[in-house]
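Heads up: the structure comes next, in structure tokens.
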Amino acid sequence: MSSVTPVEMPAVGSATARTSHLYERVKRVIPPAEWGVLANDVEAIQHLKIERNAVILAHNYQTPEIYHCVADIVGDSLTLAREAATTDADVIVLAGVYFMAETAKLLNPQKTVLMPDPEAGCSLADSITPADVRQLRRLHPGLPVIAYVNTSAAVKAEVDVCCTSGNAARVVKSFGLPKVIMLPDQYLAQNVAAETGVEILSWAGQCEVHERFTASDIAELREAHPGITVLVHPECPPEVVRAADFAGSTGAMADYVGVNRPSSVVLLTECSMSDNISVQYPDLEFVRPCNLCPHMKKITVANIRQALEENRHVVEIDPETAARARVSVERMLAL
Ligand code: 13P
Ligand code: SF4
């Protein structure tokens, strides 16, 4: 005997019903029961954004309900920094990790920048202090120092220029020197050195998400899924980058999929990337081994709503540090 599972219809007049047009965008990756829990916050955020003239900048690693249903701007670290520099909103909510909110604040000292959970850190940003940078400068006088944006404002204040994974090679080459310092990600530094031919001194920092991928993961994937296209983030170890078909920032990975439309693809990076992109390309097969970033996952629609309702947590940077750090970020944006 066949059985039929009744589909529960959202009650007319409920938040679930009123947000059904938003649910349409994510129904392939969020089950209806889960949307029932998220709908209230999603709806409240839509109203709060208008009331407060706020924009939500969301990183590509945010969950699909944030990325597709409440964010105004989505992208990689470079896109978020660029967009933060040009917004005319009064309030910026950063759905991402703390260094991203600090970068937005550096570029908008007069605006309110809110971080829904200030505990959302980053293993790279935590790996180096301003004193470490000063020590590196003493040990290698005359070498320019480039800081990955995944650093604190206090570290950015000590360096010559910033970079992201989207422009690291360009920033390194801009000095026209045979040797530079780029910190704190040793793997990104090694990957950029291989790409540019410039000798790069780095630091022992690693991304806790990307350091876990291995070249054997890729070999196994290729065996299990013949013809698969493998995309990786340049925070992965060099042997992983060498074994991949393409390495690039999260934004570059998304563009690669859009342009090349590989019929079967794996993104060796944070898990929400595939969820977010697969929504846009339902005809492509996304194979999904991935690692979660526990920091990115601290941001939820519940704490974004709370941030807007209660004006928390306001990002503040000491003005002297901010002035010096801003120069490093603005130099990067000018390149
Ligand atoms: P992207 O700049 O490529 O978005 O990377 C940010 C990040 O934190 C990657 O782990
Ligand atoms: Fe930091 Fe890695 Fe998380 Fe990105 S994925 S925020 S680099 S820990």
Side-chain angles (χ1 to χ4, degrees), residues 41-42 44-62 66-122 125 147-159 161-164 166-167 250-251 295-296 298-335:
D41 290 329
V42 168
I45 291 168
Q46 298 296 353
H47 294 301
L48 285 159
K49 283 200 295 183
I50 298 167
E51 257 169 53
R52 299 209 54 193
N53 187 25
V55 283
I56 299 179
L57 305 190
H59 187 261
N60 289 326
Y61 293 162
Q62 293 295 293
I66 296 176
Y67 183 96
H68 286 289
C69 303
V70 301
D72 299 288
I73 309 278
V74 294
D76 61 12
S77 312
L78 185 57
T79 302
L80 298 184
R82 282 202 187 115
E83 295 290 338
T86 56
T87 181
D88 52 13
D90 296 323
V91 177
I92 298 171
V93 180
L94 206 302
V97 292
Y98 199 76
F99 74 81
M100 296 176 178
E102 275 193 334
T103 305
K105 180 66 183 174
L106 290 174
L107 296 165
N108 291 281
Q110 314 306 335
K111 291 190 201 288
T112 300
V113 176
L114 301 177
M115 185 63 201
D117 185 341
E119 299 295 313
C122 169
Y148 195 29
V149 280
N150 300 39
T151 46
S152 65
V155 162
K156 290 183 176 79
E158 299 291 337
V159 305
V161 64
C162 288
C163 74
T164 74
N167 62 13
T250 57
H295 312 289
M296 289 280 180
K298 285 198 157 81
I299 309 302
T300 62
V301 283
N303 61 24
I304 292 175
R305 174 183 184 170
Q306 206 176 14
L308 283 164
E309 280 174 346
E310 299 174 19
N311 204 44
R312 61 193 287 230
H313 299 266
V314 177
V315 176
E316 302 283 6
I317 307 169
D318 142 67
E320 193 267 335
T321 305
R324 289 162 56 221
R326 188 174 307 121
V327 174
S328 306
V329 176
E330 285 178 345
R331 275 196 192 129
M332 167 186 84
L333 294 178
L335 275 172

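Counting from 1, the numbers follow the sequence of the chain as shown. Predicted model, so just to flag it, every value in this text is computed and none were measured.
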Begin from the C-alpha positions of Val327 and Arg331 and carry the test side-chain contact (heavy atoms from CB on, under 4.5 Å) through to its verdict.
CA-CA 6 Å; Val327 174; Arg331 275 196 192 129; 3.7 Å; yes

Taking it one step at a time, do Asn150 and Thr164 satisfy side-chain contact (heavy atoms from CB on, under 4.5 Å)?
CA-CA 8 Å; Asn150 300 39; Thr164 74; over 6 Å; no

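Looking at every heavy atom in both residues, Asn60 comes nearest to Gly251 through ND2-N, 3.6 Å. Of all heavy-atom pairs between Asn108 and Ala84, the closest is ND2-O, 2.6 Å. Contact record, Val113 with Ala101: CG1-O, 3.7 Å, taken as the closest heavy-atom pair. Closest approach of Leu107 and Pro109 over heavy atoms only: C-CD, 3.5 Å. What you find for His295 and Ala120 is that their closest heavy atoms are O-CB, 3.4 Å. In terms of heavy atoms, Cys162 sits closest to Val149 at CB-CG1, 4.2 Å.
Open room surrounds CD on Glu119; 12 or fewer heavy atoms of other groups in view lie less than 6.0 Å from it.
Atoms CZ and CG, from Arg82 and Leu57 in turn, are 14.0 Å apart once rounded to the nearest 0.5 Å. Rounding to the nearest 0.5 angstrom, the gap separating the CD atom in Glu330 from the CE atom in Met332 is 10.0 Å. Here the CE-CG distance, from Met100 to Asp76, works out to 8.5 Å after rounding to the nearest 0.5 Å. Here the straight-line distance linking atom CD1 of Ile304 with atom CD of Glu309 works out to 12.5 Å at 0.5 Å rounding. Atom CG of residue Leu48 and atom CG of residue Asp41 lie 10.0 Å apart, to the nearest 0.5 angstrom. Rounded to the nearest 0.5 angstrom, Leu94 CG and Ile56 CD1 are separated by 10.5 Å.
A side-chain contact (heavy atoms from CB on, under 4.5 Å) with Met115 holds for exactly one of Val93, Ile299, Ile92, Val314; it is Ile299.
Leu114 places a side-chain heavy atom less than 4.5 Å from the side chain of Arg52. For the pair Leu80 and Ser77, the minimum side-chain heavy-atom distance is 4.5 Å or more. Within the 4.5 Å cutoff, the side chain of Tyr148 has heavy atoms near those of the Cys163 side chain. By the 4.5 Å heavy-atom criterion applied to side chains, Val55 and Lys49 are not counted as neighbours.
Between the side chain of Lys156 and the main chain of Thr151, a donor-acceptor pair closer than 3.5 Å is present.
Counting only residues at least two apart or in different chains, side chain to side chain donor-acceptor pair (under 3.5 Å) contacts with residues 89-104 comprise Asn53-Asp90.
For Glu320, the salt bridge (charged side-chain N to carboxylate O under 4.0 Å, His left out) partners at least two apart in sequence or on another chain are Arg324. A search for salt bridge (charged side-chain N to carboxylate O under 4.0 Å, His left out) contacts involving Asp117 returns nothing, not counting sequence neighbours.
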